[in-house]
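Chain naming here is simple, since letters A, B, ... match the order of the sequence lines and numbering starts at 1 in each.
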Number of protein chains: 4
Amino acid sequence: MVCPALTRCFNVFYGLPMIDHDSPVPVYRQLVDILRGQIERGELAPDRPIPSVAQLVGTYGIARGTAVKAVQVLVRDGLAYTVTGKGTYVRRREATSET
Amino acid sequence: MVCPALTRCFNVFYGLPMIDHDSPVPVYRQLVDILRGQIERGELAPDRPIPSVAQLVGTYGIARGTAVKAVQVLVRDGLAYTVTGKGTYVRRREATSET
Amino acid sequence: MVCPALTRCFNVFYGLPMIDHDSPVPVYRQLVDILRGQIERGELAPDRPIPSVAQLVGTYGIARGTAVKAVQVLVRDGLAYTVTGKGTYVRRREATSET
Amino acid sequence: MVCPALTRCFNVFYGLPMIDHDSPVPVYRQLVDILRGQIERGELAPDRPIPSVAQLVGTYGIARGTAVKAVQVLVRDGLAYTVTGKGTYVRRREATSET
DNA sequence: GTGGTCTAGACCACA
DNA sequence: GTGGTCTAGACCACA
């Protein structure tokens with residue numbers, strides 16, 4: 001692959017992860033949904049880092065606090081875990097779903 | 001051209017605004033020059049927001065202090081102004097340039 | 001006097017800085033006068049923070065816009081300055097007053 | 001009782017609810033603990049409003065966002081509920097504790 | 001580098 | 001009036 005920025009751009013272009021500032025859905029909620037989708041589809045794999053707060057800010061053009069809030073929701077919902085000073089990672093799904 | 005995001009991406013891809021960490025020119029200086037260029041070419045239009053410090057950190061992969069320094073230089077040089085709670089904006093050029 | 005909080009409370013109790021909603025003087029003007037008085041008497045010292053807008057709202061039971069207006073007047077009049085991410089502070093008096 | 005402000009001041013004076021900005025415990029956490037204590041001791045009664053965000057800001061001298069965060073934690077923990085445009089109230093304790 | 005908390009203030013819907 | 005979200009940036013501990 002030639003260029004990660006280009007790749008990301010195509011993703012943007014094809015409309016997958018975009019923030020709509022005019023939506024009634026809060027921005028941090030939209031970001032939670034985007035990340036949750038990437039985790040569920042396996043684009044963000046278990047025990048691999050999710051984008052850092054700084055990257056989310058750069059990618060989606062949002063305020064830092066908003067990105068932090070979204071990540072905290074993921075952690076609170078058990079989809080990710082934070083390692084102090086290192087980053088936030090995708091939580092391994094429990095094999096114990098009540099299916 | 002269909003998509004501004006794509007356009008911007010190609011710019012990135014073709015190397016226009018990139019930081020060279022091996023250059024003797026300090027990184028914050030390089031960033032100032034990039035932003036000043038975007039302002040002068042009108043890519044960042046008067047009274048429109050410039051990227052936030054956090055966004056610059058994510059976009060260019062630089063340290064926070066470096067981005068802060070660059071933005072401070074822009075404000076000091078009268079190229080941008082900050083509105084608390086809103087953002088940092090490109091200053092309208094005075095029509096009184098000594099042309 | 002043992003406790004600054006107690007002291008301040010007595011001031012409040014004894015009616016020094018109070019807003020009179022029935023006065024013909026606009027509320028924001030009254031607030032400006034209160035704050036200006038506190039600054040001039042040194043109760044709010046140079047380079048020390050003044051109460052935030054939200055705090056003034058809670059303390060005086062006034063509308064947000066009213067508190068904002070009062071603070072803006074103080075800043076415009078050169079009695080205070082705002083540092084983003086830190087607070088709004090009392091401006092040091094120039095030693096050059098036309099005494 | 002003569003004066004609510006005085007009353008509150010005595011509370012402050014006798015050290016019950018104070019915020020320690022130098023504590024390693026985050027300010028919003030300290031505020032959660034203060035309010036939780038007042039609820040558990042019945043000082044804030046079921047279906048009665050807790051102090052508004054503006055009041056908390058004025059009383060404790062903290063930023064608005066910090067007060068909002070504390071209140072949201074109370075709501076998330078099931079100790080309070082919010083009525084849009086009205087305020088936040090103490091939740092009636094379930095009689096169904098698993099004691 | 002990382003996330004977390006804090007400061008300020010602006011804008012919003014709802015009542 | 002109420003709480004909620006958003007903007008900005010500052011400072012911190014940890015690695």
TODO: Spell out protein contact along nucleotides 8-15 of chain F as letters: B when the base is contacted, S when just the sugar-phosphate is, - when no protein heavy atom is under 4.0 Å; keep the 5' to 3' order.
DONE: BBBB--BS
Expected list for residues 62-85 of chain B: side-chain donor-acceptor pairs under 3.5 angstrom, two or more places apart:
| unit_1 | atom_1 | unit_2 | atom_2 | d |
| --- | --- | --- | --- | --- |
| B/Y81 | OH | B/D47 | OD1 | 2.5 |
| B/T82 | OG1 | B/T88 | OG1 | 2.9 |

Task: Sequence-distant partners of A/E43, side-chain contact (heavy atoms from CB on, under 4.5 Å), two or more places apart - done: A/Q38, A/R41
- [ ] Take atom CG of D/D20 and atom P of E/dC6, then tell me their distance rounded to the nearest Å.
- [x] 12 Å
Task: With sequence neighbours excluded, residues passing side-chain contact (heavy atoms from CB on, under 4.5 Å) with D/P49 - done: D/Y89
Task: Shortest non-hydrogen contact from A/G61 toward B/Q55 - done: CA-NE2, 3.4 Å
Open item on the list: Can you tell me if D/Y28 touches the phosphate of E/dT5, counting only side-chain N or O atoms and a distance under 4.0 Å to OP1 or OP2?
Closed with: yes
TODO: Please list all pairs passing the ring-ring contact (aromatic ring centres under 6.0 Å, His included) test where one or both residues lie in residues 30-68 of chain D, with sequence neighbours left out.
DONE: none
- [ ] Treat a base pair as Watson-Crick or G-U wobble with both distances under 3.5 Å, then lay out DNA chain F in dot-bracket form, 5' to 3', with | for cross-strand pairs.
- [x] ||||||||||||||.
Open item on the list: Does E/dT7 have OP1 or OP2 under 4.0 Å away from a side-chain N or O of D/H21?
Closed with: yes
Open item on the list: Under the rule for side-chain contact (heavy atoms from CB on, under 4.5 Å), what residues qualify as partners of B/P26, not counting sequence neighbours?
Closed with: B/Y28, B/R29
Task: Protein-nucleotide distance (A/L56, atom CG; E/dG4, atom P), rounded to Å - done: 12 Å
TODO: Can you tell me the distance, in whole Å, between the OH atom of D/Y60 and the C1' atom of E/dC6?
DONE: 18 Å
Task: Between P of F/dG3 and CZ of D/R76, the distance in whole Å - done: 18 Å
Open item on the list: Whole angstroms only, please: what is the CD-P distance between D/Q30 and E/dT5?
Closed with: 13 Å
TODO: Linking directly or through intermediates, with side-chain heavy atoms under 4.5 Å: list the remaining ILVMFWY members grouped with D/V25, chain and number order.
DONE: none
Open item on the list: Counting only heavy atoms from other residues, nucleotides and ligands, does the tally under 6.0 Å from CZ of D/R36 exceed 12?
Closed with: yes
